Amino acid sequence: MFFTYFYLDKWVGVWQSKDMKILITGASSGIGRELAKLLAEKFDQMVLVGRNQNRLSALQQEINGQYPDVNVTTVSLDLSVAEHCQQLHTMHPDVDLLINNAGFGNCGEFASDDLTKDLAMINTNVVALHILTKLYLIDMQARNRGQILNVGSIAGFMPGPLMATYYATKNYVVRLSESIREELRRAKSKVKISVLCPGPVDTNFAKTANVHFNFKGTSSAKVAQYVVKHLHQFYIIPSFKVRLARFGLGLLPSTWVARLVYNFQAKRIYD
Ligand SMILES: NC(=O)c1ccc[n+]([C@@H]2O[C@H](COP(=O)([O-])OP(=O)(O)OC[C@H]3O[C@@H](n4cnc5c(N)ncnc54)[C@H](OP(=O)(O)O)[C@@H]3O)[C@@H](O)[C@H]2O)c1
């Protein structure tokens, strides 16, 4: 716990001040839920977003059971609808830490995938994240403080046959974040951006995406702990093996990587 705070405080001095507000999308389960539980101690106001109100309310109760003084607001919204993202920003502007975590995947051959599901995925993983990043970044730049954490994936560094749309959405998240980072650096801004790129994590993700892991993924609690310790970094990749895989795959031509990923994904779907 000591190290958690050490890194958090070292990175962003603003965490020390009063009235700190955090907004987490996809807080109703998995990685978002664990991040909310872990970060509750550091924030005076929390805005927790997802579609499942029951799960959000249960989390709110759990947090307030431990931290009665934290003002926890739950917002049940479908972020795949662009207007909802704008509404969310209007209702809750000026956050100090935005965590764009809501997202999901789907497995199968591109031509056989349901188009409606593809578009819902693009709207959630890409369009919602794009809108919220832009609106909150404008606020943060005006105050010259704050941080955005975009949840990408190791999938964001490679092509993804048999999960093509999902991998493409996560490539968007990584590239968008890298570009904003450079713009902020040039502007000497105090606003920070980071991108979380985990490998497989044990959450509802696999069930939603219709895949099974042939090995045990990292627990979402461990991922959240790693994130909080490494918020000062731009790329946050919570496993040595995944960091190694990213490095190794980066040395190969992308046609080879696509072949390797096809074999990996085929095992997860067909075995
Ligand atoms: N698990 C992995 O292996 C893994 C690996 C790399 C990256 N990631 C990324 O990590 C993020 C979190 O996923 P997870 O693993 O924690 O999976 P999860 O347990 O399924 O959580 C996904 C969260 O996103 C929310 N969400 C999905 N669609 C939404 C929508 N249209 N509007 C609002 N909220 C929505 C869900 O809330 P509701 O159902 O309440 O709407 C839920 O809280 C995702 O971006 C995922 O791509 C996961």
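Order of listing sets the numbers, starting from 1, for every ligand and every atom in it. Computed from a prediction, not measured in an experiment: that's the story for all the values here.
Look at His84 and you'll find every heavy atom at least 4.0 Å from all atoms of ligand 1. For Ala155, the heavy-atom gap to ligand 1 stays at 4.0 angstrom or more.
The N/O atoms of Phe104, backbone and side chain alike, include none that comes under 3.5 Å of an N/O atom in ligand 1. Some N or O of Leu79 is nearer than 3.5 Å to an N or O of ligand 1, by distance alone. The shortest N or O to N or O distance between Gly32 and ligand 1 is not under 3.5 Å. Looking at Thr208 next to ligand 1, no N or O pair under 3.5 Å apart turns up. When only interatomic distances are considered, the shortest N/O to N/O separation between Arg51 and ligand 1 falls below 3.5 Å.
Partners of Tyr166 by ring-ring contact (aromatic ring centres under 6.0 Å, His included), not counting sequence neighbours, listed by chain and number: Phe205.
With a 4.5 Å cut-off on side-chain heavy atoms, Leu162 and Glu109 count as touching. Annotation: side chain of Thr165 is not in contact with side chain of Asn106 (no heavy-atom distance under 4.5 Å).
Looking at Ile154 against ligand 1, nothing comes within 4.0 Å, counting heavy atoms. Residue Thr124 touches ligand 1 through its side chain alone, judged by heavy-atom distances below 4.0 Å.
Residues Asn52 and Arg55 approach most closely at OD1-N, 3.0 Å, considering heavy atoms. Annotation for Gln233 and Ser194: closest pair O-OG, 2.8 Å, computed over non-hydrogen atoms. For the residue pair Pro198 and Ile31, the shortest heavy atom distance occurs at CG-CD1, 4.4 Å.
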Per-pair distances, 0.1 Å, donor-acceptor, side chain in residues 122-132, under 3.5 Å, sequence neighbours excluded:
{"residue": "Asn123", "atom": "ND2", "partner": "Leu119", "partner atom": "O", "Å": "3.2"}
{"residue": "Thr124", "atom": "OG1", "partner": "Ala120", "partner atom": "O", "Å": "2.8"}
{"residue": "Asn125", "atom": "OD1", "partner": "Phe104", "partner atom": "N", "Å": "3.2"}
{"residue": "Asn125", "atom": "ND2", "partner": "Phe104", "partner atom": "O", "Å": "2.9"}
{"residue": "Asn125", "atom": "ND2", "partner": "Thr169", "partner atom": "OG1", "Å": "3.2"}
{"residue": "His130", "atom": "ND1", "partner": "Tyr172", "partner atom": "OH", "Å": "2.6"}

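Of all the atoms in ligand 1, the ones that sit under 4.0 Å from a non-hydrogen atom of Pro200 are 3 (O). Per-residue contacts place Leu77 under 4.0 angstrom from the following atoms of ligand 1 (heavy atoms of the residue considered): 32 (N), 33 (C). Atoms of ligand 1 found under 4.0 Å from any heavy atom of Gly199, numbered from 1 in the order shown, are 3 (O), 5 (C), 6 (C). Every atom of ligand 1 with a heavy atom of Val151 under 4.0 Å away is listed here by number and element: 9 (C), 10 (O), 11 (C). Within the listing of ligand 1, atoms 30 (C), 31 (N), 32 (N) sit less than 4.0 angstrom from a heavy atom of Asp78. Counting atoms of ligand 1 from 1 in the listed order, those under 4.0 Å from a heavy atom of Gly30 are 16 (O), 19 (O).
The existence of a salt bridge linking Arg143 and Asp94 is confirmed by a sub-4.0 Å separation between a basic side-chain nitrogen and an acidic carboxylate oxygen. Ion pairing of Glu34 with Lys37 is present here, as a side-chain N (NZ or NE/NH1/NH2) and a carboxylate O approach within less than 4.0 Å. Here Glu182 pairs with Arg185 in a salt bridge; the nearest charged N to carboxylate O distance falls below 4.0 Å.
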